[in-house]
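Here is the structure we will look at, set down as structure tokens.
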There are 2 protein chains.
Amino acid sequence: MAVRLDEIDLQLLTELQVDADRPNVELARLVGLSPAATLNRVRRLKEAGVITKIAARLDPGAAGFPLQVYVSVILARHEPRASKAFEDAVRAMPEVIAADWVAGEIDVMLLVVARDVAELQKVLTRLSTRGAQRLTTLLRLEELKPSSPLPVAAG
Amino acid sequence: MAVRLDEIDLQLLTELQVDADRPNVELARLVGLSPAATLNRVRRLKEAGVITKIAARLDPGAAGFPLQVYVSVILARHEPRASKAFEDAVRAMPEVIAADWVAGEIDVMLLVVARDVAELQKVLTRLSTRGAQRLTTLLRLEELKPSSPLPVAAG
DNA sequence: GATGAAATAGCATTTGC
DNA sequence: GCAAATGCTATTTCATC
């Protein structure tokens, strides 16, 4: 937190989450500011860490990864050392494209992509040998709701 | 699939997933093409649907959403009509920032953000009254591995 | 069929207000 | 935050491989 965001900042954040592939002048028009002021605000939002990055989103299937799975993990041991070892292992696995520590029935939620079942199995096996006691795999079938912007604008 | 991607395309995809906030001329230098050729390739990747969009990623906490939870859902009924009703309800809930149909122990995986516990409870209650038979909530504690690019480059 | 080089139009970015 | 000015970039065109 620690950052004050006014209405125009929220508007900028919404627009940039929807489509950051637009010229700054268009953004400026959308929020009713001059290009210079818009540029300054966006720069401030980046420096403040509210905007963490601007990145391309790919269609995993079109990019060669027909298998996408959520993998929930219960660790065998919960000591800091074991957790750190698991963390390092996960970070070194390129097929794991995101991972979060969570509180609830499980310890970690992973998002894994694979080119085929063999590759997926390789990943799951490696997770098992790196500290995972129990793995539950959920095959992503279809998008129910596309990745949406954080509802920053008063909703 | 259906799109042929050569080495340079893969390089472009990797770079754009890491940081799409760079001038085209810099991308061109990185992949060793002229700006014009680079622009053509990127445009093709967008039109082919490999790049779905270019968007800003926010820090949810910094943007005012200290609570982020994975919510797994088992539907009460699995007829198409019930599924569709649930889908419509989810799409109308701004706090649900992503949702996927999955195969496994559950039917749907949601990612929900909230400003406080009251808002989260409101969302969970609504999901229950819109077709969810069983909800399991996992509170996101900490990022274990940041959102990473699809490992498109031979790895 | 895609690339590279040159040219134009448009934008990003700075400065002064 | 704005307006004007500068320098650079995106984007097109066309010749080329």
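Labels below follow one simple rule: chain letters A, B, ... track the order of the sequence lines, proteins then strands, and each chain is numbered from 1. Nothing here was measured: the structure is a model prediction, and the numbers come from that model.
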Original post:
If only side-chain N and O atoms of B/Arg44 are considered, is one of them under 4.0 Å from the OP1 or OP2 phosphate oxygen of C/dG1?
Top reply: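 Answer is no, no contact under 4.0 Å.
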Subject >> B/Arg77 CZ: over 12 foreign heavy atoms closer than 6.0 Å >> reply: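 Count not over threshold, so no.
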When the distance from [atom1] of [X] to [atom2] of [N] is rounded to whole Å, what number comes out?
X       : N      : atom1 : atom2 : value
B/Ile8  : C/dG1  : CD1   : P     : 18 Å
A/Leu33 : D/dA3  : CG    : C1'   : 14 Å
B/Arg43 : D/dA10 : CZ    : C1'   : 10 Å
A/Arg29 : C/dC11 : CZ    : C1'   : 11 Å
A/Asn24 : D/dG1  : CG    : P     : 12 Å
A/Asp21 : C/dC11 : CG    : C1'   : 14 Å
B/Leu12 : C/dT3  : CG    : P     : 10 Å
B/Leu27 : D/dT11 : CG    : P     : 12 Å

**OP:** Determine whether the side chains of A/Trp101 and B/Glu143 contain a donor N or O and an acceptor N or O closer than 3.5 Å.
**Re:**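 Looking only at side-chain atoms, B/Glu143 and A/Trp101 do not form any donor-acceptor pair under 3.5 Å.
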Subject >> Closest listed nucleotide, where the reference is the side chain of B/Asn40 and the choices are C/dT3, D/dA10, C/dC11 >> reply: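 Minimum distance to the B/Asn40 side chain belongs to C/dT3.
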**OP:** Please tell me which of the listed nucleotides, C/dA5, D/dT9, C/dA12, lies nearest to the side chain of B/Ala36?
**Re:**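 Selected nucleotide: C/dA5.
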**OP:** Cation-pi check, B/Arg115 to B/Phe65: give yes when NZ or CZ is under 6.0 Å from the six-membered ring centre and within 45° of the ring axis, no otherwise.
**Re:**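 Yes; both conditions hold, so B/Arg115 lies above the ring face of B/Phe65.
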Subject >> Criterion salt bridge (charged side-chain N to carboxylate O under 4.0 Å, His left out) on B/Glu47 and B/Arg43, from CA distance to verdict >> reply: CA-CA 6 Å; B/Glu47 284 169 359; B/Arg43 185 186 314 151; 5.1 Å; no
[Y]/[X] salt bridge by N-O under 4.0 Å criterion:
X        : Y        : result
B/Arg130 : B/Asp88  : no
B/Arg41  : B/Asp9   : yes
B/Glu105 : A/Arg134 : yes

Original post:
Closest nucleotide of DNA chain C for A/Leu39 versus for B/Ser34: which of these residues is on the 5' side?
Top reply: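 Whichever sits nearer the 5' end wins; that is B/Ser34.
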**OP:** Rounding to 10 degrees, work out the angle separating the end axes of the helix from C/dG1-D/dC17 to C/dC17-D/dG1 (five pairs an end).
**Re:**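 About 40° separates the two local helix axes.
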